[in-house]
Amino acid sequence: MKLKRKDLLGLAGLETQEINLILDTAVPMKEIASRPVKKVPVLRGRTIVNIFYEPSTRTRVSFELAAKHLSADSINIPAAASSVVKGESIKDTARTIAAMGADVVVIRHPLAGAAQLLAGTVEAAVINAGDGAREHPTQGLLDMFTVREKKGTLAGLKVAIIGDILHSRVARSNIWGFLKMGAQVAICGPATMMPPEINRTGAVVYHRIEDALEGADVIMMLRIQRERQKAGLFPSLREYSRLFGLNRERLFLAKPDALVMHPGPVNRGVEITGEVADHPRSVINEQVTNGVAVRMAILYLFAGGGTDDEAAD
């Protein structure tokens with residue numbers, strides 16, 4: 001089985017089989033990334049271009065490492081160093097990159113739909129590394145990979161996603177992804193940070209964090225997206241932490257083996273206490289490690305590295 005699409009734009013349109021293919025391919029990729037010599041020649045001769053119009057550390061670096069581990073040539077173009085600052089459009093930038101022979105373009109952009117616009121312009125595969133508040137599919141995939149690795153399955157789990165749902169592309173990708181894989185998704189946050197259409201996804205909305213955490217197998221805390229917010233969505237950080245922050249007492253409302261997750265960067269003392277962030281149940285650092293393996297799998301599959309059977313060999 002090969003992937004049925006040229007681009008990875010979001011998890012809302014991805015089929016369950018495709019998600020499983022990516023997660024299964026990430027298993028041998030993680031083994032490669034843990035070797036003393038972290039390099040295989042499967043993408044030798046392929047060119048990966050990373051264009052980030054927003055600041056990023058985890059996503060950008062993990063894509064760079066993923067390309068290097070697979071022996072691909074990687075070119076990084078920060079927006080400040082591109083012709084965008086001279087007024088060049090995304091489409092013109094894309095056409096220039098395509099003319100240079102890029103096989104995959106990884107893009108992060110502050111506007112929703114930017115990756116889709118790019119995908120319709122170039123023949124290269126386009127990977128969405130986050131577009132506005134719409135989706136962040138590779139983060140959703142690495143989160144699912146981490147949970148599956150720890151729990152053995154995703155089906156039947158209760159996943160509680162807490163925080164700034166309105167501005168979170170991570171929340172949207174995880175809602176779509178976990179629901180497709182048979183999990184139950186509970187979401188909770190201030191009413192001012194809850195999208196009005198969120199009920200249509202199939203996620204269950206809670207207004208008290210205690211109710212959302214009750215019996216949860218996975219707790220995913222979200223960062224306050226202050227760079228995307230308007231003022232006045234909540235009274236203060238202290239008030240937000242009091243009502244929606246994860247502390248030790250609230251952690252024990254979930255199941256005894258519940259996982260604690262966070263896409264990072266963590267605002268300690270706001271959405272999560274330092275004690276919980278460092279708790280044995282926390283898999284925050286493992287999410288970062290798994291991000292490289294999952295992005296290796298994505299580059300391998302979307303750059304034409306082979307089928308799922310070949311990836312497992």
Side-chain angles (χ1 to χ4, degrees), residues 11-12 14 16-20 22-24 26-27 30 135-165 168-189 193-194 198-199 201-223 243-264 266 271-291 293-294:
L11 299 189
L14 220 57
T16 302
Q17 286 183 323
E18 293 176 297
I19 293 174
N20 273 322
I22 294 170
L23 299 184
D24 291 344
V27 175
K30 185 170 181 178
E135 277 218 48
H136 192 350
T138 65
Q139 180 70 45
L141 288 163
L142 76 88
D143 290 340
M144 286 189 286
F145 180 83
T146 302
V147 173
R148 193 180 76 162
E149 187 177 55
K150 291 292 185 180
K151 298 291 187 180
T153 184
L154 299 176
L157 299 180
K158 179 181 178 180
V159 180
I161 303 177
I162 314 294
D164 182 6
I165 308 295
S168 177
R169 53 197 175 203
V170 172
R172 285 172 174 79
S173 286
N174 274 298
I175 289 170
W176 290 120
F178 277 103
L179 286 174
K180 284 175 184 286
M181 301 305 290
Q184 305 169 42
V185 177
I187 58 174
C188 180
M193 296 181 177
M194 197 64 62
I198 201 68
N199 285 317
T201 64
V204 179
V205 179
Y206 292 90
H207 301 290
R208 297 178 66 251
I209 186 174
E210 291 82 3
D211 296 333
L213 294 177
E214 187 70 36
D217 298 282
V218 178
I219 306 169
M220 185 174 299
M221 303 305 297
L222 301 174
R223 181 175 66 89
L243 293 174
F244 297 101
L246 182 63
N247 54 30
R248 184 178 177 85
E249 291 72 26
R250 285 173 171 162
L251 172 62
F252 289 107
L253 295 173
K255 289 183 179 177
D257 60 347
L259 305 177
V260 176
M261 308 182 76
H262 194 297
V266 177
E271 67 266 12
I272 187 170
T273 64
E275 180 184 21
V276 175
D278 298 328
H279 195 275
R281 295 193 204 173
S282 172
V283 292
I284 295 173
N285 287 334
E286 290 174 65
Q287 286 175 267
V288 177
T289 299
N290 289 337
V294 169

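Any value given below was found using the heavy atoms of this structure, including those in side chains, with hydrogens, waters and symmetry copies removed.
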Taking all heavy atoms of Glu271 and all of Met221, pick out the closest pair and write down the distance. O-CE, 3.2 Å
Note: Ala203 and Leu179 closest approach over all heavy atoms is N-CD1, 3.9 Å
Just so I know, are the side chains of Leu14 and Ile22 near enough to count as touching, which here means a heavy-atom distance under 4.5 Å? yes
Are any non-hydrogen side-chain atoms of Asp217 and Lys158 less than 4.5 angstrom apart? yes
State whether a side-chain donor-acceptor pair under 3.5 Å links Asn247 with Glu275. no
Atom CD in Glu149, atom CG in Leu23: separation rounded to 0.5 Å? 11.0 Å
So, the side chain of Ser282 versus the backbone of Asp278: is there a donor-acceptor pair under 3.5 Å, distance only? no
Nearest-0.5 Å distance that lies between atom CD1 in Ile187 and atom CE in Met220: 12.5 Å
Are the side chains of Gln287 and Asp143 in touch, meaning some heavy atoms are under 4.5 Å apart? yes
Quick one, Lys30 and Phe145 - any side-chain contact, counting heavy atoms below 4.5 Å? yes
Just how far is it from atom CZ of Arg250 to atom CD of Glu214, taken to the nearest 0.5 Å? 13.0 Å
Just how far is it from atom OG1 of Thr273 to atom CG of Leu246, taken to the nearest 0.5 Å? 6.5 Å
Give the minimum heavy-atom separation between Gly177 and Leu11, together with the two atoms involved. CA-CD1, 4.0 Å
Taking the side chain as every heavy atom from C-beta outward, state whether Val218 and Met261 have any pair of such atoms under 4.5 Å apart. yes
So CD1 of Ile161 and SG of Cys188: to nearest 0.5 Å the spacing works out to 11.5 Å
Compare every heavy atom of Ala160 with every heavy atom of Leu213, then report the nearest pair and how far apart it is. CD2-CB, 4.4 Å
So OG of Ser173 and CD of Glu135: to nearest 0.5 Å the spacing works out to 3.5 Å
Does some side-chain heavy atom of Arg223 sit less than 4.5 Å from a side-chain heavy atom of Asp164? no
Ile165 vs Leu222 side-chain heavy atoms within contact, under 4.5 Å: yes
Checking Lys151 against Phe178: charged group under 6.0 Å from the ring centre and within 45 degrees of the axis? no
Qualifying residue for side chain to side chain contact (heavy atoms under 4.5 Å, CB included) with Arg281, from Leu251, Asp257, Val276: Leu251
Closest non-hydrogen contact found for Phe244 with Ile162 is O-CG2, 3.7 Å
Does atom CG of Asn285 have more than 12 heavy-atom neighbours, drawn from other residues, nucleotides or ligands, at distances under 6.0 Å? no
Taking every heavy atom of Asn20 against every heavy atom of Arg148, the minimum-distance pair comes out as OD1-NH1, 3.9 Å
Please assess His279 against Arg248 for the test side chain to side chain contact (heavy atoms under 4.5 Å, CB included), listing each intermediate value before the final yes or no. CA-CA 9 Å; His279 195 275; Arg248 184 178 177 85; 4.0 Å; yes
Kindly indicate, with the supporting measurements, whether the criterion side chain to side chain contact (heavy atoms under 4.5 Å, CB included) is fulfilled by Val159 and Val147. CA-CA 10 Å; Val159 180; Val147 173; 5.8 Å; no
